[in-house]
Amino acid sequence: MPTFSRGTNSDDASFQEVCMNVRVRYAPSPTGLQHIGSVRTALFNYLYARATGGTFVLRIEDTDRERFSPDALDDIYDTFRWLGVSWDEGPDVGGPYGPYFQSQRADLYRAHAESLLSSGHAYRCYCTAERLADLREQQAQKKGEQGYDRRCRTLSDDERTRLENSGAPSVIRFRVPLEGSSVFEDTILGAVKRKNRDINPDPVLLKSDGFPTYHLANVVDDHLMEITHILRAQEWVPSASLHVLLYEAFGWSPPVFCHLPMVMGKDGKKLSKRHGSTSVVDFRTAGYLSDAVVNYIALLGWAFDDKTEFFTREELETKFSIERLNKSPAVFDYKKLEWFNGAYIRALSDTELVDAMIPFLEIAGLVTNPPSAEHREVLDGVAPLVKERLKLLSDAPEALRFLLSEIDPPSLEDLVPKKAGPKDALVALQEAEKLLDGFFDRTDEQNEERFREASERLEMKLGHLLMPVRAAVTGSSVSPPLFGSIRLLGEAKTRARISEAIDRLKEATE
RNA sequence: GGCCCCUUCGUCUAGCGGUUAGGACAGGAGAUUCUCAUUCUUCAAACAGGGGUUCGAUUCCCCUAGGGGCUACCA
């Protein structure tokens, strides 16, 4: 019979409240890519630890050996490195409560499960997967009682030894009390009460492969790791009652529960792939800044006051509090995230923006990484011009293509302004050719003045004079400011593109 | 089906008995502007319904409705 020492921390509630050192954890299971919803849970745990001067623990819940994936583990590290969220204890950094991989703690869970066996709080179950499947099927048709029928709960000693001797594989199930109810006080939800007979009937604690289920592992680890607050999504509320019973059975006092509102999709259902991107890498490759993502998801279920919406990571780390957490679910608004991202891009310095854009330009095949000196100069010059035009970093290739590679000839539609004819466009381009003389010796303001004068002289709107030039030079009717763009493109390319456009217009008008 | 949780503009939210119910995103209109953006101004938009408690309910309680979650040898 193992002894379960728990370090120095007393179980005295008042003692805990007065000088409790906050210890929180994020416990992902490496079975897939980090989901934006779970990451918000992680962030809240992290922020709570920082705000209280507590400790943030990363624990890998890899007890499902069938779904485990090493890629998913890498994704956990990558995701939080990108987000700038770090942990004080975890598999990679170590700590006094390790190991932090649950798969390396199997003996611990087994010992604890067995202690429950001998204290009568648990029992061995020999039901086969087939029987359980049949049972489920029958129950689905009758739509009455759900879950395990507790057959092995009342096995006689004879039957038990017979099954044991036959070598039949078994699991250990928790003996949920049939009577009474369990209550826990949730920081966000208040008192949550549940009759014991409504709790999942005798859930499996230890699987037949010797690994624990979530219920056992998380209770044992949270206790052994001296976790003081459990911040997790509200989908866990139903099983929290079970966990409370487990703590009782072990003779431990449970941590403070704090069930966070869920993150939903537009249709009000749990956020999933059909709503759009949900894994954090998706947001990263879609061109979001990690600061924007962190800022936005921090506001999903939490608000500091009635007006502040921009928070640096440092501000979040001091201002976050459980008291200001919301209880109702939040819909993930991609539009608002995009707005945040645009705002964060605008707040970048020119060189920061260039550095942020380079990977996206590289993927598009427009620059090397690092870029050539020539490209770097162009990028530095164009940064201030595109900064307020980008919502996503992935918009950069399209916006900058005309500066970094050859362009497809613009369509006649783009070349000829609305409410104008091809002849007008031709006139505009020919005029522009003339105005290009000395262009690079003048400032943008001076050039603009010259174009203005020309448009008056030609009795043409300035826009009608500039649009054909814009289309000819950038290949699009949408571009950064024209004069700055021409300056960055250089005289030779600008002239070549304009004269090419003139030729095409001439063909079209003949 | 059973159990649990939730309910302020379309969305994120402020509000913690007495407010013209505030802000932001999105949307509409306008101004600025070489396109697109940015920026600015402005408009529209909410307390789910019904009972209580109270001098007074968005706020406290109950019911109803609606929504969501859970109901695995997954977490």
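A note on names: the letters A, B, ... follow the listed sequences, proteins ahead of strands, and every chain is numbered from 1.
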Does the structure show a Watson-Crick or G-U wobble partner for B:U39, both distances under 3.5 Å? Name it, or say none. B:A31
Can you tell me the base-pairing partner of B:U11? Count Watson-Crick or G-U wobble geometry only, both distances below 3.5 Å, and say none if there is no partner. B:A24
Would you indicate what A:P384 reaches in the nucleic acid, counting non-hydrogen atoms under 4.0 angstrom: base, sugar-phosphate, or nothing? nothing
In the 5'-to-3' direction, what one-character label does each nucleotide of nucleotides 30-50 of chain B receive under the scheme B = base within less than 4.0 Å of a protein heavy atom, S = sugar-phosphate only, - = no such atom? ----BBBBSS-----------
Pairwise P distance, B:G28 and B:U33 [rounded to whole Å]: 22 Å
Rounded distance (Å) that lies between atom P of B:C9 and atom CG of A:D306: 17 Å
P-based separation of B:U42 from B:U58 [nearest Å]: 29 Å
Salt bridge check: are A:K434 and A:E431 linked by an N-O gap of less than 4.0 Å? yes
Regarding A:R389 and A:D395, does a basic nitrogen lie under 4.0 Å from an acidic carboxylate oxygen? no
Using a 4.0 Å cut-off on protein heavy atoms (strictly under), produce a 5'-to-3' string for nucleotides 60-72 of chain B with B for base contact, S for backbone-only sugar-phosphate contact, and - for none. --------SBSSS
A:N341 and A:Y296: side-chain donor and acceptor closer than 3.5 Å? no
Whole-Å distance between B:C74 C1' and A:D62 CG? 13 Å
Which value, in whole Å, describes the distance between the P atoms of nucleotides B:A24 and B:A44? 15 Å
Salt-bridged, A:R452 to A:E448, with N to O below 4.0 Å? yes
Please determine whether a side-chain nitrogen of the Lys or Arg among A:E491 and A:R495 lies less than 4.0 Å from a carboxylate oxygen of the Asp or Glu. yes
For atom P, what is the distance between B:A46 and B:C9, given to the nearest Å? 9 Å
A:D305 CG to B:C16 C1', straight-line distance once rounded to whole Å: 15 Å
Who is the Watson-Crick or G-U wobble partner of B:U19, with both distances under 3.5 Å? none
One pair to check against salt bridge (charged side-chain N to carboxylate O under 4.0 Å, His left out): A:R274 and A:D267. What are the steps and the verdict? CA-CA 10 Å; A:R274 71 171 184 285; A:D267 58 0; 3.3 Å; yes
Got A:L58 and A:Y77 here, is their nearest side-chain heavy-atom distance under 4.5 Å? yes
Checking N1-N3 plus N6-O4 or O6-N4 for Watson-Crick, or N1-O2 and O6-N3 for wobble, each under 3.5 Å, the partner of B:A72 is none
For B:U54, which nucleotide in any strand shown is its Watson-Crick or wobble partner with both distances under 3.5 Å? none
Quantified in whole Å, what is the P atom distance between nucleotide B:U39 and nucleotide B:A26? 9 Å
Assess whether a salt bridge exists between A:D305 and A:K319, defined as any Lys/Arg side-chain N lying under 4.0 Å from an Asp/Glu carboxylate O. no
Quick one: A:H243 NE2 to B:C4 C1', roughly how many Å, whole number? 14 Å
Do we see a donor-acceptor contact under 3.5 Å between the side chains of A:Y214 and A:D64? no
Report the base-pairing partner of B:A48 (Watson-Crick or G-U wobble, both distances below 3.5 angstrom), or none. B:U64
Report the distance from atom CG of A:L242 to atom P of B:C4, rounded to the nearest whole Å. 16 Å
Take the protein atom NE2 of A:H275 and the nucleotide atom P of B:U11, then report the distance between them rounded to whole Å. 14 Å
Rounding to an integer number of angstrom, what distance separates B:A57 and B:G51 when you compare their C1' atoms? 13 Å
For A:F257 and B:C5, give me the distance from atom CZ to atom P, rounded to whole Å. 15 Å
Quick test of your reading: applying side chain to side chain donor-acceptor pair (under 3.5 Å), list the pairs with at least one residue in residues 172-184 of chain A, sequence neighbours left out, ordered by first then second residue. A:S182-A:N196
